[in-house]
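Shown next, in structure tokens, is the structure this report addresses.
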Amino acid sequence: MSQSHQQPALAKCPGCEEPPAAGDLFCGVCGYDLSAVPARPDDRPTMAITVPPAAPAAGAGGAVRWPAAEETDSSDVPAPVVRPADVPGTDSGGRPLTGPDALDATPGRGAGSPAGPLPAGGPGAAAARVRHDDRADPGGAEASGDFALAAPDPRAADHAAPASGAKVCVACRSGRVDPDGYCENCGHAQPRERDHMEQELDAVAAVSDRGLRHHRNEDSFAVSSTALPDGSAAVVAIVCDGVSSASRPDEASAAAASAANEALLESLPRGTHPQTAMHEAIVAASEAVNALAREPAGAREHDAHRHQNAPACTLVGAIAAGGLLIVGWVGDSRVYWVPEDRTQPTARLTEDDSWAAQMVAAGLMNEAEAYADERAHAITGWLGADAYELEPHTAAFQPDRPGLVVVCTDGLWNYAESGEEMAAAVPADAGDQPLRAARALVGHALDGGGHDNVTVALLPFVVRPQGAGSACDTA
């Protein structure tokens, strides 16, 4: 999670930017509580990990051997590879996911967290740079500028074309679609290509839908698979959510998803450690989004406002390779772990870059107060030319049991926020039929109101029996 970028000795007050006197606990101008500003950790970027020369392979079924990934990600927080007894991993802050109560909350969140109510415009408002995404809350669609348009329910859509080869209407399921994009039977305008997107590979599937309130789909995704140097498969899922308050958010999410996916498909076959590959992919995605903000030739060279509303998006991704599960993210899109055995605990594997998560982690508010605040969903990390700094988060897990990896935007998790709620929404046969399950999850969000674009990728994670030659040894 992005922290306030402040040093313990403050050069200026975060509230009014006036220099405080030495030793002051409160600003003498605006009353800002200087003791509540968390210290910024030292930033140590993830170092490139080189692969030692490969030993002669014992056979096609030999295990992948990677060097150990860095013990910290670029936020200088531990991200170890672990094999815990109860749940498969730790969060990106290095905190163990040890029980049902700890699985569905951002690390540091909980009923017992110190409370610190904030006055409007007080310390919480200035503690970190945030970006407000114009997402409609339930009941507030009218004020958001969104359009209350009906979208097709992906669970009921028949995606097979009629025998004649003509397109069939998504509304009445029987009428033909004319060249102008309208049903000849019911007159329903057909969705644009990006309004509803689906893709399925052998080991991963994804669905993205415009939802019921937005006039366009600003989410994007990329799913793919490639081979590691030993011939075993690496499966990738990337999900991006355009920031609605930015310009061209749909272009930003598409550029980020494509760039991250291409970077992974280039680095993983070379033997790059997947955690390093994920970090590099997020950097590549950031550069692709930044490029959208560059002015064309002949434009004014000195424009102080050119980045104020630059294209922006969030990104979250997962890699399943060689017995490891790697997740990486910037923003508030999430990854959930749902075990195949639903009696086992579920887990959220990411923590949000958001105002609410930061307030709870800093001990300034408890979970209920922070998430009830109107600033709760203001994001503190994103990809874009106007981002304060790029702070990719990565974490590595080594699941000891089969399960399902759910990679999604907040258009889904707003309707299934806890790990238990997400597991309840995931169909029981999701591991065998991930595309159908992804459609069902999108339908779950539409049934809940569909107030945002909805995107989810499902990646079944298979753990082979011991001795099957599929284990991953880390050096």
Side-chain angles (χ1 to χ4, degrees), residues 63-64 81 83 87-89 97 103 154-155 197-208 221-228 231-239 261 264-265 268 274 278 316-329 333-350 395-409 412-413 416 419-444 454-466 468-472:
V64 181
V81 176
R83 188 192 293 275
V87 285
L97 301 169
L103 302 179
R155 298 165 300 170
M197 302 179 292
E198 298 185 356
Q199 186 175 357
E200 182 179 31
L201 303 178
D202 291 340
V204 62
V207 175
S208 181
F221 68 81
V223 294
S224 60
S225 63
T226 187
L228 299 175
S232 63
V235 185
V236 172
I238 301 292
V239 168
N261 185 61
L264 290 170
L265 292 181
L268 290 172
M278 177 63 80
V316 67
I319 305 170
L324 290 179
L325 172 60
I326 307 298
V327 299
W329 73 99
S333 294
R334 295 180 176 181
V335 177
Y336 290 83
W337 167 264
V338 178
E340 185 177 276
D341 179 0
R342 299 299 176 84
T343 65
Q344 300 295 322
T346 60
R348 171 150 66 89
L349 305 183
T350 59
F397 305 87
Q398 194 164 6
D400 57 2
R401 65 203 63 179
L404 185 73
V405 183
V406 181
V407 186
C408 65
T409 63
L412 172 59
W413 67 252
E420 288 74 15
E421 289 172 329
M422 184 62 72
V426 173
D429 62 351
D432 297 324
Q433 301 190 61
L435 178 58
R436 190 172 76 172
R439 290 173 181 166
L441 287 173
V442 170
H444 176 80
V454 189
T455 302
V456 59
L458 299 183
L459 196 166
F461 192 95
V462 178
V463 175
R464 303 198 179 203
Q466 295 273 341
S470 62
C472 174

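Given the structure is predicted, the values throughout are model-derived calculations rather than measurements.
Between Asp400 and Val463 the shortest side-chain heavy-atom distance does not fall below 4.5 Å. The shortest distance between side-chain heavy atoms of Thr226 and Val236 does not fall below 4.5 Å. Contact annotation: the side chain of Thr455 never approaches that of Met197 to less than 4.5 Å [non-hydrogen atoms, C-beta and beyond].
Separation of atoms CD (Gln199) and OG (Ser208) is listed at 11.5 Å; rounding is to 0.5 Å. In this structure, CZ on Arg439 lies 10.0 Å from CD on Gln433, to the nearest 0.5 angstrom. In this structure, the separation between CG on Leu459 and CH2 on Trp337 is 10.0 Å, given to the nearest 0.5 Å. Here the CZ-CG distance, from Phe461 to Leu325, works out to 6.0 Å after rounding to the nearest 0.5 Å. The CG atom of Leu404 sits 12.0 Å away from atom OG1 of Thr346, with the distance rounded to the nearest 0.5 Å. For the atom pair CG of Leu228 and CG of Leu268, the computed distance is 6.5 Å after rounding to the nearest 0.5 Å.
The 12-atom threshold is not exceeded at CG of Asp202, counting heavy atoms of other residues, nucleotides or ligands nearer than 6.0 Å.
When all heavy atoms of Val239 and Ala457 are compared, the pair lying nearest together is CG2-CB, 4.1 Å. Here the shortest heavy-atom pairing between Leu435 and Ala206 reads CD1-O, 4.3 Å. The nearest pair of heavy atoms linking Ser224 to Asn261 is OG-OD1, 2.6 Å. Here the closest non-hydrogen pair linking Ala440 and Pro427 is CB-CG, 3.8 Å. Counting all heavy atoms, side chain and backbone alike, Ser333 lies closest to Trp413 at CA-NE1, 4.3 Å. In plain terms, the two heavy atoms of Ala237 and Val204 that are nearest each other are CB-CG2, 4.2 Å.
Remark: Ala416 pairs with Glu421, Met422, His444 by the side-chain contact (heavy atoms from CB on, under 4.5 Å) rule, at least two apart or across chains. Partners of Glu340 according to the side-chain contact (heavy atoms from CB on, under 4.5 Å) rule, which considers only residues two or more places apart in sequence or in another chain, are Pro402.
Put simply, the side chain of Arg342 gets close to the backbone of Ala423: a donor and an acceptor are under 3.5 Å apart.
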Exercise for the section: Could you check Val442 against Val456 for side-chain contact (heavy atoms from CB on, under 4.5 Å), going step by step and ending with a plain yes or no? Expected result: CA-CA 7 Å; Val442 170; Val456 59; 4.0 Å; yes
Exercise for the section: Mind running side-chain contact (heavy atoms from CB on, under 4.5 Å) on Leu201 and Val235 for me, showing each step along the way? Expected result: CA-CA 9 Å; Leu201 303 178; Val235 185; over 6 Å; no
Practice task
May I have the step-by-step check of side-chain contact (heavy atoms from CB on, under 4.5 Å) for Leu441 and Val426, ending in yes or no?
Solution key: CA-CA 7 Å; Leu441 287 173; Val426 173; 4.1 Å; yes
Exercise for the section: Show your working on side-chain contact (heavy atoms from CB on, under 4.5 Å) between Met278 and Ile319 and close with a plain yes or no. Expected result: CA-CA 8 Å; Met278 177 63 80; Ile319 305 170; 3.7 Å; yes
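Just one of Val316, Val223, Val407, Leu264 meets the side-chain contact (heavy atoms from CB on, under 4.5 Å) condition when paired with Ile238; it is Leu264.
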